[in-house]
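Input: a single structure, listed below in structure tokens.
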Amino acid sequence: MYALVDCNNFYVSCERVFNPTLRRVPVVVLSNNDGCVISRSSEAKKLGIPMGAAAFEYQKKFQESGIKVFSSNYALYGDMSNRVYRILQNYTPDIEIYSIDECFLHFNNFTDNPLDKYCKKLRQEVLQKTLIPTCVGIAPTKALAKVANHIAKKFPELEGVYLMDTDEKRIKALKWLNIEDVWGIGRRMSKRLKAKGVNKAIQFTELSDEYVRKEFSVVGLRLKKELEGISVLGLEEVQAKKHIATTRSFDTTYTDKEYIKERITTFAVTCAEKLRKQKSTCQLVTVFIYTNRFNDQQEQYSRSINVSIPYPTNSDIEIAKYAQKGLNLIFKQGYHYKKAGVIVGGITPEHEKQFNLFEDEPVKHREIMRTMDQLNSKYGTQKLKLASQALDKTWKMRQEHLSPNYTTKWNEILEIR
DNA sequence: TCTGGGGTCCTAGGACCC
DNA sequence: TCTGGGGTCCTAGGACCC
């Protein structure tokens, strides 16, 4: 059996842990740049704040309804997530961390212990030790565990845990579940399915295998099997990332190439740091720049470009150099840029390095990067930078409602007190 | 004025091989 | 008049997830 453990309104719940005045009142957490709503308490949902709502459009509503607003604080959420998973790991060795607030557990040979009781205990321990409320769905496949979790969330009388252990329960659930709420069926697929008269999850399982395979590829077919109770998706091991991205929207638009160049360089450096952290190298760097797609008064421009690097590298200097090369090829004067990013790909493990016959990255780089990483970890992120990065932090992200880093920065807490 | 960021997997089609 | 058959690898784009 699989269990899906999902933290309720995770970012909001994290804010509430250290600020009890936020309990039972409407709270929302905003995306980077305080752009849009990405987490809502149940009270905020009831007030009609949609997921993804643009913050500026709801400013008035926030004030009128007394909704507490927070900028996202990923240091806090990441740390709380680790705390939750450390507890869950004591309940089974088979665990897949699916996202910052969700994980799958697999139970093998747990026959003598009723799983719903076991999961109620687990849920209780998480709540008691971290103050994070969760819901648990238990079923024979991952997709059905998602369905069971959905049920646990929707019906409070279940006290956060739902066990789907018979075919009667499975069928009843799938008759109830709307097609667009099925895990793996997004906007596009549900639109096509509804046009065919498929409105409930059960109807999807009634389509023929051939039809599903033809229309929705093996991905759709796998999902169908999973909903039928045939497990085809196993737990996945944590693997090195295949792409690593650092992208940001700017606080306003910029036309100056030097400014964009500095941003791209810093994004490239951040990607290089992430690469070294997972002990990988890359051989491809993608650079993109966009104008503001919401502003139809301004002329739009958006381009991205792939630049291949002749040798695998994770050096700030090299990745920044090729990223700048990419920017030079796509930057056009006269547009108002709002967003840019760097993505590295062609990732291979550091120790499997394939040398290039003709050129290679300068031998000194590995040593320089190790030294930079050491100093930066001791004195703070990006204290030591490339000269092509801004020395003083000229850019800023709007973060007008940031909570303190309660769990990771004790000096900030002391200042508040 | 203002609208996020970071991932995965699959398929089709082009370029190449013998 | 008339031009094969069977592969692999790579990439872009589209779908999905949180």
Side-chain angles (χ1 to χ4, degrees), chain A residues 4-11 28-39 49-60 62 69-74 77-78 81 96-104 142-143 146 149 180-193 213-223 232-233 236-253 267 270-271 274 278 283-284 286 288 290-298 303-308 336 338-347 396-400:
Chain A
L4 177 72
V5 182
D6 188 324
C7 301
N8 302 346
N9 321 326
F10 184 54
Y11 297 167
V28 297
V29 173
L30 305 181
S31 62
N32 275 341
N33 244 341
D34 292 345
C36 43
V37 174
I38 54 170
S39 182
I49 309 294
M51 188 65 171
F56 75 93
E57 285 176 357
Y58 282 81
Q59 203 71 53
K60 217 174 145 199
F62 293 156
V69 180
F70 287 85
S71 304
S72 33
N73 184 343
Y74 292 106
Y77 312 149
S81 172
E96 172 191 335
I97 294 177
Y98 181 67
S99 76
I100 194 164
D101 70 334
E102 266 184 51
C103 74
F104 286 103
K142 285 170 105 177
K146 272 274 188 183
N149 187 281
E180 66 269 23
D181 294 331
V182 174
W183 180 48
I185 295 193
R187 269 216 302 274
R188 281 309 254 274
M189 266 175 87
S190 58
K191 198 174 161 197
R192 281 168 64 197
L193 284 164
R213 173 68 181 85
K214 195 168 137 266
E215 291 293 316
F216 305 105
S217 84
V218 294
V219 184
L221 187 56
R222 282 202 283 250
L223 179 60
V232 291
L233 302 174
E236 289 184 21
E237 319 232 323
V238 257
Q239 283 177 1
K241 300 251 185 294
K242 295 170 180 174
H243 300 276
I244 289 176
T246 306
T247 71
R248 289 290 177 278
S249 296
F250 308 139
D251 58 333
T252 176
T253 56
F267 298 157
T270 304
C271 284
K274 292 176 184 171
Q278 72 161 31
Q283 231 176 139
L284 178 74
T286 305
F288 71 79
Y290 296 160
T291 49
N292 183 359
R293 67 194 165 101
F294 295 103
N295 188 338
D296 41 20
Q297 310 301 314
Q298 280 170 357
R303 261 214 76 180
S304 87
I305 192 166
N306 292 330
V307 184
S308 46
H336 294 78
K338 174 67 180 168
K339 181 171 175 163
V342 172
I343 303 162
V344 292
I347 289 178
K396 55 189 178 295
M397 185 159 72
R398 223 187 338 262
Q399 279 189 316
E400 289 171 4

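Lettering follows sequence order; numbering is per chain, from 1.
Residue A/S249 places its side chain closer to B/dG5 than to any other of B/dG5, B/dC9, B/dG6. Between B/dG5, B/dG7, B/dT3, one nucleotide has an atom nearer to the side chain of A/F56 than all others, and that is B/dT3. Minimum atom distance to the side chain of A/R398 is reached by B/dT3, of the listed B/dT3, B/dG4, B/dG6. In the set B/dG4, B/dG5, B/dG7, B/dG4 carries the atom at the smallest distance from any side-chain atom of A/I38. Residue A/F294 places its side chain closer to B/dT3 than to any other of B/dT8, B/dT3, B/dG7.
Atom CD of A/E102 and atom CG of A/D6 lie 4.0 Å apart (nearest 0.5 Å).
In this structure, the side chains of A/F70 and A/S39 stay at 4.5 Å or more apart for every pair of heavy atoms. Side chains of A/T247 and A/F288 form a contact here, defined as non-hydrogen atoms less than 4.5 Å apart. Proximity of A/E96 to A/K142: side-chain heavy atoms (C-beta onward) are separated by under 4.5 Å at one or more points. In this structure, the side chains of A/V28 and A/Y58 stay at 4.5 Å or more apart for every pair of heavy atoms. Within the 4.5 Å cutoff, side-chain heavy atoms of A/K274 are placed close to those of A/T246.
Between the CZ atom of A/F62 and the P atom of B/dT3 there is a distance of 14 Å, rounded to whole Å. We find that CG of A/N73 is positioned 16 Å from C1' of B/dG5, with the value rounded to whole Å. Nucleotide B/dT1 holds its C1' atom 9 Å from the NZ atom of A/K338, rounded to whole Å. The nearest whole Å value for the distance from the CG atom in A/N292 to the P atom in B/dC2 is 6 Å. Look at CD1 on A/I343: it is 9 Å from C1' on B/dG6, rounded to the nearest Å. In this structure, the CD atom of A/Q298 is 11 Å from the P atom of B/dT1, given to the nearest Å. Distance, A/E400 CD to B/dG4 C1': 16 Å, rounded to whole Å. The interatomic distance linking A/K142 (NZ) with B/dT8 (P) rounds to 14 Å, in whole Å.
Other residues, nucleotides and ligands contribute over 12 non-hydrogen atoms within 6.0 Å of the CZ atom of A/R192.
The side chain of A/R222 places no N or O atom within less than 4.0 Å of a non-bridging phosphate oxygen (OP1 or OP2) of B/dC9. In terms of phosphate contacts, A/K339 brings no side-chain nitrogen or oxygen within less than 4.0 Å of OP1 or OP2 of B/dT3. Checking the phosphate oxygens (OP1, OP2) of B/dG4, no side-chain nitrogen or oxygen of A/S72 falls inside 4.0 Å.
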Whenever both distances are under 3.5 Å in a Watson-Crick or G-U wobble pair, mark it; put DNA chain B into dot-bracket that way, with [ ] for crossing pairs and | when the partner is on another strand. ....||||||||||||||
Residues A/N295, A/K338; criterion side chain to side chain contact (heavy atoms under 4.5 Å, CB included); working and verdict: CA-CA 10 Å; A/N295 188 338; A/K338 174 67 180 168; over 6 Å; no
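C/dC17 sits 15 Å from B/dG4 when the C1' atoms are compared, rounded to a whole Å.
Here the side chain of A/S31 pairs no donor or acceptor atom with the backbone of A/I38 at under 3.5 angstrom.
Heavy-atom nearest nucleotides on DNA chain B were determined for A/T253 and for A/A240, and the one closer to the 5' end corresponds to A/T253. If A/R293 and A/E236 are placed on DNA chain B by their nearest nucleotide, the residue sitting closer to the 5' end is A/R293.
Not less than 6.0 angstrom separates the ring centroid of A/F56 from the ring centroid of A/F62.
The nearest pair of heavy atoms linking A/C103 to A/I97 is CB-CA, 3.9 Å.
Residue A/T252 is classed as having no contact, given no heavy-atom separation below 4.0 Å to the nucleic acid. Within the 4.0 angstrom heavy-atom criterion, only backbone atoms of the sugar-phosphate kind lie near A/N32; the bases stay farther away.
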Would you give a per-nucleotide map of nucleotides 10-18 of chain C, 5' to 3', where B means the base has a protein non-hydrogen atom under 4.0 Å away, S means only the sugar-phosphate does, and - means neither? --S--SSSS
